[in-house]
Amino acid sequence: MGLQLQVNVAQLLKERVGAARMFEVDGPELETDDGPPAYVRAALRLTRTDQGVWASGPVSYAEERVCSRCLAPFASRAEAQVDDVFLPSVDVSTGAKLRYAHDEDADANSIDERHVLDLSDALRQYRLAATELAPVCKEDCKGICPECGADLNESECSCERYLDQRWSALRELTA
Ligand SMILES: [Zn+2]
Ligand SMILES: [Zn+2]
């Protein structure tokens with residue numbers, strides 16, 4: 001069962017320009033092509049415009065990711081600001097098919113013949129844009145030792161201690 005990211009806007013389309021209502025999303029999961037699903041939270045305002053419906057408001061994505069330094073899984077959170085206009089494909093009162101000067105726009109964010117506005121694609125795009133390519137579990141993550149693979153956040157490994165001993169020996173020599 002997917003996330004409820006579809007909303008019927010037939011009533012809103014019949015209202016005057018500027019009329020608005022809230023559409024809240026509270027998880028559980030947004031399926032994606034790559035990587036694990038994300039828990040989505042959004043509080044969107046759907047506003048009737050002269051041509052369609054403007055969706056605006058904050059969205060956040062919580063998901064488990066792998067630290068690019070220490071390779072440990074951690075809970076990551078990404079945020080974005082939704083700002084999209086969705087255009088109806090049919091006239092809400094006559095049912096006549098609608099055409100637009102910029103057809104690409106209409107295809108990208110259309111409201112279907114049943115007046116259903118589907119936010120899944122838009123929220124996937126915002127998630128992609130907000131996702132860091134090289135996430136870190138914390139700003140000062142020390143990563144893993146390239147020699148022995150030890151997690152340097154948990155303990156220093158013998159490779160480093162060996163290096164330190166050589167440096168102190170060198171210091172003694174030059175003193
Ligand atoms: Zn890390
Ligand atoms: Zn090491």
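Atoms considered below: every heavy atom in the structure, side chains included; atoms not considered: hydrogens, waters and symmetry mates.
- Put simply, Ile144 and Leu152 are part of two different groups of oily side chains (I, L, V, M, F, W, Y) that touch within less than 4.5 Å, one to the next.
- Residues Ile111 and Ser89 fail the side-chain proximity criterion, which asks for heavy atoms closer than 4.5 Å.
- Heavy atoms only, all atoms of each residue included: Phe23 and Leu119 are closest at CE2-CD1, 3.3 Å.
- Atom CG of Leu12 and atom CZ of Arg48 lie 7.0 Å apart (nearest 0.5 Å).
- Inter-residue side-chain proximity for Phe86 and Val9 is flagged as unmet; no heavy-atom pair is nearer than 4.5 Å.
- Looking at every heavy atom in both residues, Ala55 comes nearest to Leu46 through CB-CD2, 3.7 Å.
- The minimum heavy-atom distance between Ala20 and Thr47, with the atom names listed, is CB-OG1, 3.9 Å.
- Residue pairs meeting the salt bridge (charged side-chain N to carboxylate O under 4.0 Å, His left out) criterion with at least one member in residues 131-148: none, sequence neighbours excluded.
- Gln11 is linked by a side chain to side chain donor-acceptor pair (under 3.5 Å) to nothing, counting only residues two or more places apart in sequence or in another chain.
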Check your understanding: What's the verdict on side-chain contact (heavy atoms from CB on, under 4.5 Å) for Phe74 and Val136, showing C-alpha distance, side-chain angles and the deciding distance?
Key -> CA-CA 9 Å; Phe74 70 103; Val136 286; 5.9 Å; no

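- No donor-acceptor pair closer than 3.5 Å links the side chain of Arg41 to the backbone N or O of Ser60.
- Side-chain atoms of Ser76 and Pro135, non-hydrogen and from C-beta on, never get closer than 4.5 Å to each other.
- You'll find the side chain of Arg114 stays beyond 4.5 Å of the side chain of Gln6, heavy atoms only.
- At a threshold of 4.5 Å between non-hydrogen side-chain atoms, the residues Val53 and Leu117 count as touching.
- Closest of all the heavy-atom pairs between Val90 and His115 is CG2-CE1, 3.7 Å.
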